[in-house]
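Every chain is numbered from 1 and lettered A, B, ... according to where its sequence line falls, protein lines coming before strand lines.
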4 protein chains.
Amino acid sequence: MSEGVVAADQLRLFIERIERLEEEKKGIADDVKDVYAEAKANGYDTKTMRKVVALRRMETHVRQEADALLETYRSALGLG
Amino acid sequence: MSEGVVAADQLRLFIERIERLEEEKKGIADDVKDVYAEAKANGYDTKTMRKVVALRRMETHVRQEADALLETYRSALGLG
Amino acid sequence: MSEGVVAADQLRLFIERIERLEEEKKGIADDVKDVYAEAKANGYDTKTMRKVVALRRMETHVRQEADALLETYRSALGLG
Amino acid sequence: MSEGVVAADQLRLFIERIERLEEEKKGIADDVKDVYAEAKANGYDTKTMRKVVALRRMETHVRQEADALLETYRSALGLG
């Protein structure tokens, strides 16, 4: 029984740590949304911004290879 | 009570229709995976193929505008 | 050059096969939505229906173990 | 031209703010993973923990209604 109580307390502590972190994460996700909203209000296209963020995350040579391959496939299919 | 029985039967029929459709959908999703695997075995890059499929789904003028905007943003950030 | 042409044709065939399958899949996904909409119109709660569909997909003993574990954790945290 | 330069700088600032926030968010997401890993190492089932976290996020009366409805549907389909 005493073991069950200890385990319940330990479980609760894990859950509460996760909840605090999830709350923090949500706060930052809201901040990200706010920046995108501010950029949109300044005339920027947020969909294109998201593509740029993804491209900047890639290593240069990886991005260049992906660009080249896409260009080749687009040409092959007449997607100018 | 009789109403509850009828409702249970009706609910079961809805659930079974959904399950049959979900199974069919899974079958087709597996077929898609097979085509990508076959293309990969023939030397094609499936990640780029997925991008091409997405681009072909867009209307021409929408795709061209998205392309132009991305080009502008990439240039602004030196993402050549 | 001739090789490039062959490859472009082969790529196009793969892409078109994928597109046909994706269209079929979308049709079935729409059918699933229709069944849920019909169930909803008959007074059923679709969120609960989705849980039931997920539960029925599990093997009996797996579902029973998951149920028992959740019951234990809920009790430990006073989530009656 | 001068306007284009200003816009590029402004775009870059928005993108860099987003990147800093995304990095912070990733750090917290990694912390969450670490807590789950630690809980798992202590014998807890993380899948069940995630269900508990989701349940605790719901308002009590909403959770109780969802529980009751699921119970009804499970009974109707013999999912004891």
Side-chain angles (χ1 to χ4, degrees), chain A residues 7-8 11-12 14-15 17-80, chain B residues 7-8 11-12 14-15 17-80:
Chain A
L11 177 59
R12 180 182 296 275
F14 279 125
I15 296 288
R17 277 170 66 195
I18 290 163
E19 286 173 341
R20 275 192 300 273
L21 289 167
E22 290 290 3
E23 207 171 322
E24 248 185 277
K25 204 176 72 178
K26 205 200 159 303
I28 297 175
D30 288 343
D31 290 346
V32 171
K33 265 189 219 161
D34 288 347
V35 179
Y36 275 116
E38 193 185 329
K40 192 189 169 82
N42 276 274
Y44 294 101
D45 181 68
T46 54
K47 205 166 172 180
T48 308
M49 286 177 71
R50 286 177 193 278
K51 288 182 197 166
V52 164
V53 169
L55 287 168
R56 278 165 61 99
R57 216 182 285 138
M58 299 165 81
E59 281 188 68
T60 305
H61 76 279
V62 173
R63 193 185 68 235
Q64 285 171 345
E65 277 169 38
D67 278 346
L69 212 47
L70 182 57
E71 216 36 69
T72 305
Y73 283 27
R74 287 182 71 147
S75 292
L77 291 155
L79 268 176
Chain B
L11 177 60
R12 179 182 296 274
F14 278 126
I15 296 288
R17 277 170 66 195
I18 290 163
E19 287 174 341
R20 274 192 300 272
L21 289 166
E22 290 289 2
E23 207 170 324
E24 248 185 277
K25 205 176 71 179
K26 205 200 159 303
I28 297 176
D30 288 344
D31 289 346
V32 171
K33 264 188 220 162
D34 288 347
V35 179
Y36 276 117
E38 194 186 329
K40 192 188 169 83
N42 277 274
Y44 294 101
D45 182 67
T46 55
K47 205 167 172 179
T48 309
M49 286 178 70
R50 286 177 194 278
K51 289 183 197 165
V52 165
V53 168
L55 288 167
R56 278 166 60 101
R57 217 182 284 139
M58 299 165 80
E59 280 188 68
T60 305
H61 76 279
V62 173
R63 192 185 69 235
Q64 285 170 344
E65 277 170 37
D67 278 346
L69 214 47
L70 181 57
E71 217 36 69
T72 305
Y73 284 28
R74 288 181 71 148
S75 291
L77 291 154
L79 268 175

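- Taking both residues in full, the closest heavy atoms of B:Tyr73 and A:Tyr44 are given as OH-CA, 3.5 Å, listed atom of the first, atom of the second, then distance.
- Two residues are said to be in side-chain contact when any heavy atoms from C-beta on lie closer than 4.5 Å; A:Leu70 and B:Leu55 meet this criterion.
- Atom NZ of A:Lys51 and atom CG of B:Leu79 lie 13.5 Å apart (nearest 0.5 Å).
- Of the listed residues (A:Asp45, A:Leu77, A:Val52), the one with the most heavy-atom contacts under 4.5 Å to chain B is A:Asp45.
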